[in-house]
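Accompanying notes for the structure given below.
When reading the values below, keep in mind they use all heavy atoms of this one structure, side chains included, and skip hydrogens, waters and symmetry mates.
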Amino acid sequence: MSLRPRLGVLLAALVAFAAAAVPVASAGAAHPKPGAPHTTVLDGARLQRTKAALDRGDPRLRTAVRALAARADAWLDQGPWTVVDKPRPSPGGDVHDYLSQAPYWWPSVPPSSGNPWGCPYVQRDGQRNPEVDTGTDRQDVERVFDSAYDLSLAWYYTGDRRYARKAGQVLRTWFLDPATRMNPNLDHAQFIPCKYDGRAIGIIDFSQSYTAVLDALALLDTGAAGWTRTDRAGMARWNSDFLGWLRNSDFGKQEGAAANNHGTFYDLLVAALAHATGDEGLARRTVLGARGTRVAPQIAADGSQPQELARTRSWHYSAFDLVAYTRLAAIGDHVGADLWRYRGPDGQSLFKAVDYLLPAATGAAAWPHPELEFHRYAATDVVHAAADAGDRQARRAVRALEEPPGGDLWALRPAAEQLDSIAG
């Protein structure tokens, strides 16, 4: 998740404190007792087994839970956030519409009274314009995604009701409460001042992280304190409406046709929402369709991803695209569609794509392509995912991976996340 690396220093301090002060299960906590959560990307049965091992006192898991609890504690005094708090509404005039600004577009001249934006805007690929983090909803929605996930996982593993109640407050404020809820569309995502009121490419604001919220909802649905039937029904309606917008809007159709990570993440979001809303047929078709429309044309025979290597942040985007692929493969496991073992006409596969990253991911060799800001840990989760799926080279590489800021939580939430902070 994109904000987590920025919390690295705070989290490190909290982890140290938590090791001495945070119990694995809080006194008097309501610990969930039902069956495996009906998660979408995460494996609910695996989570249930992990929780049972934790309850038996597994020392490695206890250490990981302390790190997770530190993350959750950091959210308790933040938020909730709302889409209606931005200083100006979206171009359509409705403050309930989500608004974000294209991250790699910059004013070409200094702003003035006659040209307050400094238009026209020009593109600088990989260079994030700092103004995109002010005046729009992007930063806040990332906090919603990250906090809901961390808090829900922390509640599931510790039973601490504070985490469940905070997660519920965050989700209700952003998605459900009539005064503060977001409309289920992305009509004004990644707008460019003086150029576009919104763009199809902006769907990635949600497709890169919202699938974690779907898993957070599944965790809360196992009996979280304060999470009601009304909340569950409201989120189900929101997700159904959002899926309809994704499939039927012009922006959704354009994003689905993208031939790089945007297309992969679009498929991930559609498959995840389909699974979460009960349409397993659509989820399965989407995963199976990704074989011929994503893996075969977007991954080369040697495992490289040419569309991502062409970027100024080639390492980031190569790992980033594999976050979408590995999460999509995890959904496939739920619906009987094996994406990991698909081989394209030239031998293309997800295993090969992950293996292509291994020399740089383990520090054995330098990354040989353009990269403005290399972070070795960006590939840590996707290597974990390939190792779990049976890739022998990835299994051998796991011990040499770089731990991401805030700790390696794979044992608790075995699904790849974006671990470096760049967004867009």
Side-chain angles (χ1 to χ4, degrees), residues 4 11-12 14-76 147-168 212 214-227 326-327 330 333-334 380-381 383-390 394-399 401 403-404 406-417 419:
R4 286 175 178 150
L11 291 173
L14 285 170
V15 168
F17 172 80
V22 178
V24 171
S26 299
H31 225 47
K33 298 295 184 183
H38 186 62
T39 43
T40 290
V41 178
L42 291 168
D43 181 340
R46 181 172 176 176
L47 296 184
Q48 189 179 41
R49 293 193 298 271
T50 299
K51 185 175 176 298
L54 173 68
D55 292 343
R56 292 193 298 269
D58 184 299
R60 181 177 64 96
L61 293 175
R62 288 175 67 90
T63 299
V65 165
R66 291 186 184 106
L68 175 62
R71 286 187 175 187
D73 288 342
W75 292 118
L76 289 175
S147 64
Y149 196 48
D150 288 345
L151 290 160
S152 299
L153 281 166
W155 167 75
Y156 181 77
Y157 284 118
T158 71
D160 190 326
R161 296 177 181 179
R162 296 176 303 156
Y163 300 145
R165 289 178 176 136
K166 185 65 178 184
L214 299 178
D215 279 345
L217 293 170
L219 293 170
L220 295 176
D221 286 349
T222 64
W227 189 246
T326 59
R327 292 177 73 84
D333 290 342
H334 294 322
T380 292
D381 267 3
V383 177
H384 273 304
D388 282 5
R395 285 177 178 173
R396 290 193 294 268
V398 164
R399 290 186 178 181
L401 296 174
E403 185 174 289
D408 187 344
L409 297 183
W410 184 262
L412 300 177
R413 52 110 190 100
E417 296 181 5
L419 297 174

Over all atoms of both residues, closest heavy-atom pair of A411 and R60: CB-NH1, 3.4 Å
Working for side chain to side chain contact (heavy atoms under 4.5 Å, CB included), residues V65 and L54: CA-CA 9 Å; V65 165; L54 173 68; 3.6 Å; yes
Taking all non-hydrogen atoms of both residues, which atom of A330 and which atom of V41 are closest, and how far apart? CB-O, 3.4 Å
If you take all heavy atoms of R413 and L42, which pair is closest and at what distance? C-CD2, 3.6 Å
Interatomic spacing from CG in L68 to OG1 in T63 - rounded to 0.5 Å: 12.5 Å
Show the numbers, then the answer: is there a side chain to side chain contact (heavy atoms under 4.5 Å, CB included) between K51 and Q48? CA-CA 5 Å; K51 185 175 176 298; Q48 189 179 41; 5.7 Å; no
How long is the gap from OG1 on T39 to CG on L47, to the nearest 0.5 Å? 5.5 Å
Is there a donor-acceptor pair closer than 3.5 Å between any side-chain N or O of H384 and the backbone N or O of A415? no
Enter the distance from R165:CZ to L220:CG here, rounded to the nearest 0.5 Å. 13.0 Å
Please name all residues satisfying salt bridge (charged side-chain N to carboxylate O under 4.0 Å, His left out) with R395, sequence neighbours left out, ordered by chain then number. none
Test side chain to side chain contact (heavy atoms under 4.5 Å, CB included) applied to W410 and E417, step by step: CA-CA 10 Å; W410 184 262; E417 296 181 5; over 6 Å; no
Of all heavy-atom pairs linking T50 and L61, the shortest is O-CD1, 3.6 Å
Within this structure, what is the CG-OH distance for the pair L76 and Y163, rounded to the nearest 0.5 Å? 6.0 Å
For the pair R46 and D388, find out whether any cationic side-chain nitrogen is under 4.0 Å from an anionic carboxylate oxygen. yes
Return the minimal non-hydrogen interatomic distance between D160 and W155, and the atom names on each side. O-CD1, 3.4 Å
First locate atom OG1 of T40, then atom CZ of R327, and finally report the distance between them rounded to the nearest 0.5 Å. 10.0 Å
Report the C-alpha separation of L219 and Y149 in whole Å, then their side-chain angles, then the decisive distance to 0.1 Å, and conclude whether the side chain to side chain contact (heavy atoms under 4.5 Å, CB included) test is met. CA-CA 9 Å; L219 293 170; Y149 196 48; 5.6 Å; no
Return the minimal non-hydrogen interatomic distance between L409 and A67, and the atom names on each side. CD2-CB, 4.0 Å
Between D43 and D333, is there a side-chain heavy-atom distance shorter than 4.5 Å? no
